[in-house]
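The analysis underlying the following values was restricted to heavy atoms, covering all of them including side chains, and did not include hydrogens, waters or symmetry mates. Since the model is a prediction, treat every value here as computed from it, not as a measurement.
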Amino acid sequence: ADAVVQYGRLLRERPGFAEGYLGRAWALIALGRLGDATSDLEKARAHGADGRVIRRQQDLVTALRKMNGANGARDGPRAATTTNPLRQNP
């Protein structure tokens with residue numbers, strides 16, 4: 001969650017920084033906030049981020065949504081802790 005806050009500060013200062021949106025999207029994916037991550041990926045694309053990186057993150061979001069759907073989970077903290085391979089379960 002701290003990374004999301006830090007990226008938010010950075011992006012307020014540098015709203016055209018494409019890599020900042022990619023970084024925040026990655027942090028949001030790790031938190032299970034897939035809708036917010038998708039929004040940041042769209043912003044990254046609009047600001048000229050590397051399309052290959054965007055596609056990989058979008059592929060991860062798609063895979064996590066499929067996993068979450070199979071488990072009855074939605075975007076959010078529960079989804080992040082139960083099905084997100086980026087997070088370790090306690």
Side-chain angles (χ1 to χ4, degrees):
D2 288 340
V4 173
V5 171
Q6 293 300 323
Y7 276 114
R9 288 181 185 147
L10 172 67
L11 290 166
R12 277 191 296 281
E13 294 175 16
R14 297 180 59 193
F17 184 47
E19 288 76 13
Y21 290 105
L22 290 174
R24 187 168 66 180
W26 184 255
L28 290 164
I29 291 167
L31 293 172
R33 292 174 50 188
L34 306 180
D36 292 333
T38 298
S39 176
D40 270 2
L41 291 172
E42 291 169 6
K43 292 174 186 171
R45 182 182 313 281
H47 290 291
D50 185 329
R52 293 171 296 171
V53 176
I54 294 169
R55 275 191 301 280
R56 279 182 280 192
Q57 287 193 27
Q58 285 177 326
D59 289 347
L60 179 58
V61 168
T62 299
L64 290 170
R65 283 190 169 138
K66 286 180 183 178
M67 290 171 56
N68 291 346
N71 292 322
R74 296 183 169 211
D75 289 6
R78 176 173 151 63
T81 58
T82 59
T83 61
N84 189 333
L86 298 177
R87 295 190 49 126
Q88 294 182 352
N89 290 331

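Here Q57 pairs with nothing under the side chain to side chain donor-acceptor pair (under 3.5 Å) rule; sequence neighbours left out. Applying the side chain to side chain donor-acceptor pair (under 3.5 Å) test to R12 and every residue at least two apart in sequence or in another chain returns nothing.
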Less than 3.5 Å apart, which donor and acceptor atoms pair up between the side chains of residues 41-54 and the rest of the protein, not counting sequence neighbours?
unit_1	atom_1	unit_2	atom_2	d
R45	NH2	Q58	OE1	3.3
H47	NE2	P15	O	3.4
D50	OD1	R52	N	2.8
D50	OD1	R52	NE	3.3
D50	OD2	R52	NH2	2.9

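For D59, the CG atom is densely surrounded, since the number of other residues' heavy atoms within 6.0 Å is greater than 12.
A distance of 9.0 Å separates CG in L34 from CG in L28, rounded to the nearest 0.5 Å.
At least one side-chain heavy atom of K66 sits less than 4.5 Å from a side-chain heavy atom of T62.
Note on residues 13-25: pairs passing salt bridge (Lys or Arg N to Asp or Glu O under 4.0 Å), not counting sequence neighbours, are R24-D40.
Using a 4.5 Å cut-off between side-chain heavy atoms of Ile, Leu, Val, Met, Phe, Trp and Tyr, F17 falls into a hydrophobic cluster with Y7, L10, L11, Y21.
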